[in-house]
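For the single chain, residues carry numbers from 1 onward in sequence order. All ligand and atom numbering here is 1-based and tracks the order in the structure. The shown structure was predicted, so the numbers you read here are calculated from the model rather than taken from an experiment.
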Amino acid sequence: MGEREIKKSNCHFCGYLCAMDVTVEDGRAVEIKPDVTRYPYDERVLAGCRRWPLNLDFLDDENRVNHPLRRAGERGAGVWERVSWEEALDDIAKRLSELRTEHNAGVLASMIGGPHTSFWPLHRFMSLFGSPNNVGIGQICWNPRIWMDVITFGWTVEADITAETGCMFIWGTNPAESDNSLFWRTIIKTGKDESVKLVVIDPRFTKTARQADLWLAPSPGTDTTLALGLIHVIIERKLYDKAFVNEWCSGFDELIEHVKPFTPEHVERVCGVPAQDVITAATWFAERSPSALVSGRGVDQVGACVAPTHRALCILRAITGNIDRPGSCILAEGSDFVPEVDLELSLTNFDALNELCLNTDVTPLQCYEGYKMVEEVTERLGRKLPARYLTSAHPDLVLRAMETADPYPIRALIVEATNPLLTYADTHRVYDALMGLDLIVVLDYFLTPTAQLADYVLPSASAIERPTFQAHGGVANFVYGGDAAVEPYHERKTDYEIFRELGLRLGQDEHWPDPDFASACERALAPSGFDWEAYCEIGAYFVPPAPFKHLMPDADGAPKGFATRTGKIELASEMLEALGGERLPTQGAHRSLCTEAFVRECEKEGWKHVDLITGGRKQPYNASMYLHVPVFRASYPEPLVEMSEATAREIGVDAGDYVTLATTGGDAMFKVAIIPMKDGLVHADYGWWYPERPYDPKDMQGIWESNINMLTSCSLEDAEPMIGTWSYNAIDCMIKKA
Ligand SMILES: Nc1nc2c(c(=O)[nH]1)N[C@H]1C(S)=C(S)[C@@H](COP(=O)(O)OP(=O)(O)OC[C@H]3O[C@@H](n4cnc5c(=O)[nH]c(N)nc54)[C@H](O)[C@@H]3O)O[C@H]1N2
Ligand SMILES: Nc1nc2c(c(=O)[nH]1)N[C@H]1C(S)=C(S)[C@@H](COP(=O)(O)OP(=O)(O)OC[C@H]3O[C@@H](n4cnc5c(=O)[nH]c(N)nc54)[C@H](O)[C@@H]3O)O[C@H]1N2
Ligand code: SF4
Ligand SMILES: [Mo]
């Protein structure tokens, strides 16, 4: 037997990054167990998680990509040859350089996905290359909340759930499935605690809703109205925090006028939520302060409603004094370590990136000019937001540039940690655009359907083969993770090393001083005074945010206030108005994915027209990941569409029947599950493909069968106008028994 050693590392199969003790023998991991000594150990979390043992399986998974692969047939034919790293990187760098010379730096786009890895190495590479064209989850995940928080409060806020919290709103998020963490455990505890009122706002009666004292089920995409209705009740009944509003909020008189029409009866008509429930929820939130609020995809992915709903939720917290008060929502601190924007180097090359930015004038906030404007506010705190997510290029514009070279051609694409054929809107359009490109490079663990379209597939090191440094864009003083347990197996490399080596080939030498990811993280951490060894030993660097920061004295001894233009919380937003937007939130319109003619035609053939929401999180999967794990598939073998009993009756189907869902964009098949939820609405799983099938260029492992994103669209036409958010919720489709 060789040398045995216990290495401290982390699982990265969700954003929680549980600490693991990995037994390593001769450079190979032979055993893994949760580390009880390190953040964020929680017995119940681990007992509820089925993924962590996979950390070992994934190292040797037969489907893993172990060497760089080069396309050896037509694009998408599935014919590959093994090449050396030198050959692959030399050729990619040469072709990128030629394309840039022939067109401009915008010729290269990148696509990213959920928080699977640190994306700043890709962003650094793109910034230095000169392209602003990174597409990803920016507009539809996390980013809208960050924008609206900063515009209203001067920085971002996080829920601070403590023993003092008297009421909690869980709005459009289902942590029971999406966040197997302490947060979910807190909700279970809160659900049992008589002294805390838990309100869940979700059209589905989720596992989270089952914990609630009150479940509000608004029609999808009517949340702005619901939030304005709560504000109406709070103002009408004088339940707001008068002293806080007087001293620290601007625009209250305008707000009073603005919410007058949003009576509980009006809310009942628009949202389908009983008027009495609106009153109860509003009263609890105001009277039981400190109250906390957490939101998720049910607020983030509803097109035109996204910014107004977030703004209304900011206002709700502000007028009840639930900002920066323990037990409510606390303004985060800036990071003591290097903020993400300085790692991604977007500001270093700002003018060049701004020049090529496709979003400017289209989505005035989500672009480099919008970033600059908001910087005026964050600078007062001496802080910077990450720029790459908040300026991410709109997919409608990037796809158009690929399709038509308007306003300039995009001919090359780097795909890191995402599977856009399953997870981006409008699969047919994404497929066609990718098929027409000159160069596609995919970094992934597996040969996903998207990877099958590449020129090069580069094998990424997975968790425990690489260090982790999770800093949430550096918008809080919190980073966690740890070291690698083993060197990457086979010829895999960390994503950092891949971008560095490409960067070195393209003259970016001075900006990549660290040879490996661990030393780059060490450098990023250094300003905090914490060294890498201590970080790996403890697993986190965290400075809890101080409460009541607006009351702290500035240099002149006056209270600091908030970092907005007015120094107060902006109920009516000066900044949104300056960008051509609304001072106060109004309800945005629904997105229809079916033309009238399409609806008429379908109805003649017996189809029903229903509201649609998609992608509600489900354990044990993550979007398109883990479907190849046999025990997972045995427990969850098929893609489901959920609906209420009444809706099923209306459509003429039973649980277990197969149905087809269709929009003007495409159709997909699902198996019916009956759950308690809003009537007239269906909810479809997302990310579904069949990795067990041998690859065939036509079938693409089933991406044309039950992939809900064949039906969705990222069209700017009815996207949110400031940020450009498109819709995965609050859409519609036709449905019929298959
Ligand atoms: N209809 C609909 N569409 C949606 C959503 C929805 O709810 N409904 N949700 C949206 C949201 S919020 C998100 S975040 C996206 C998620 O979309 P994606 O992030 O594209 O989803 P995943 O299927 O998790 O794809 C992750 C891919 O990255 C690979 N991977 C994982 N870790 C690493 C790594 O460290 N390095 C590299 N190189 N590769 C890695 C995995 O093998 C997998 O192939 O989907 C969005 N799309
Ligand atoms: N198991 C698993 N966990 C995950 C992921 C995964 O793919 N799988 N993905 C990770 C990622 S990338 C993300 S972004 C997070 C997302 O985490 P969450 O935000 O918790 O996402 P969901 O679980 O889909 O919860 C969103 C809820 O919003 C509801 N909803 C839909 N439309 C509306 C609406 O118009 N109004 C209201 N009020 N509610 C609505 C849906 O019914 C759903 O229950 O999860 C992360 N965790
Ligand atoms: S999947 Fe998430 S909850 Fe499970 S062990 Fe890994 S990091 Fe922890
Ligand atoms: Mo996400």
For [X], take its heavy atoms, then give the atoms of ligand 1 lying under 4.0 Å from any of them.
| X | answer |
| --- | --- |
| T448 | 44 (O) |
| N419 | 20 (O), 25 (O) |
| R466 | 34 (C), 35 (O) |
| F446 | 42 (O) |
| N709 | 1 (N), 2 (C), 3 (N) |

Quick check on salt bridge (Lys or Arg N to Asp or Glu O under 4.0 Å): which of K618, R297, R617, K207 does E177 satisfy it with?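 So, applying the salt bridge (Lys or Arg N to Asp or Glu O under 4.0 Å) to E177 and each of K618, R297, R617, K207, only K207 qualifies.
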With heavy atoms only and a cut-off of under 4.0 Å, state how [X] meets ligand 1: side chain, backbone, both or neither.
| X | result |
| --- | --- |
| I708 | side chain |
| K493 | neither |
| L443 | both |

Could you please spell out the steps behind the salt bridge (charged side-chain N to carboxylate O under 4.0 Å, His left out) verdict for E497 and R492? CA-CA 10 Å; E497 284 170 298; R492 298 170 199 153; over 6 Å; no
Please determine if [X] and [Y] form a salt bridge, counting it only when a charged side-chain N lies under 4.0 Å from a carboxylate O.
| X | Y | answer |
| --- | --- | --- |
| E158 | R317 | no |
| R633 | E692 | yes |
| D57 | R51 | no |
| R693 | E705 | yes |

Is any side-chain heavy atom of N66 less than 4.5 Å from a side-chain heavy atom of Y489?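 They are not in side-chain contact.
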Test your reading of the structure: does S460 have an N or O sitting under 3.5 Å from an N or O of ligand 1?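 N/O-N/O distance under 3.5 Å: yes.
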Please say whether D495 places an N or O atom under 3.5 Å from an N or O atom belonging to ligand 1.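 In this structure, D495 places an N or O atom under 3.5 Å from an N or O of ligand 1.
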Please confirm whether W85 and H67 have ring centers closer than 6.0 angstrom.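 Centroid distance W85-H67: not below 6.0 Å, so no.
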Taking the six-membered ring for Trp and the full ring for Phe, Tyr or His, determine whether the centres of F13 and Y626 are under 6.0 Å apart.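 Between F13 and Y626, the centre distance is under 6.0 Å.
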Can you list the steps and then say if W726 with H394 is a ring-ring contact (aromatic ring centres under 6.0 Å, His included)? CA-CA 10 Å; W726 58 98; H394 201 282; 5.3 Å; yes
For H628 and F446: C-alpha separation, side-chain torsions, deciding distance, then whether ring-ring contact (aromatic ring centres under 6.0 Å, His included) applies. CA-CA 10 Å; H628 71 288; F446 300 109; 4.8 Å; yes
List by chain and number: which residues place a heavy atom under 4.0 Å from ligand 2?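 Contacting ligand 2 under 4.0 Å are R51, C141, W171, G172, T173, N174, E177, S178, I201, D202, P203, R204, T206, P220, G221, D223, G296, R297, G298, V302, I613, G615, G616, R617, K618, Q619, Y621, N622, A623, N729.
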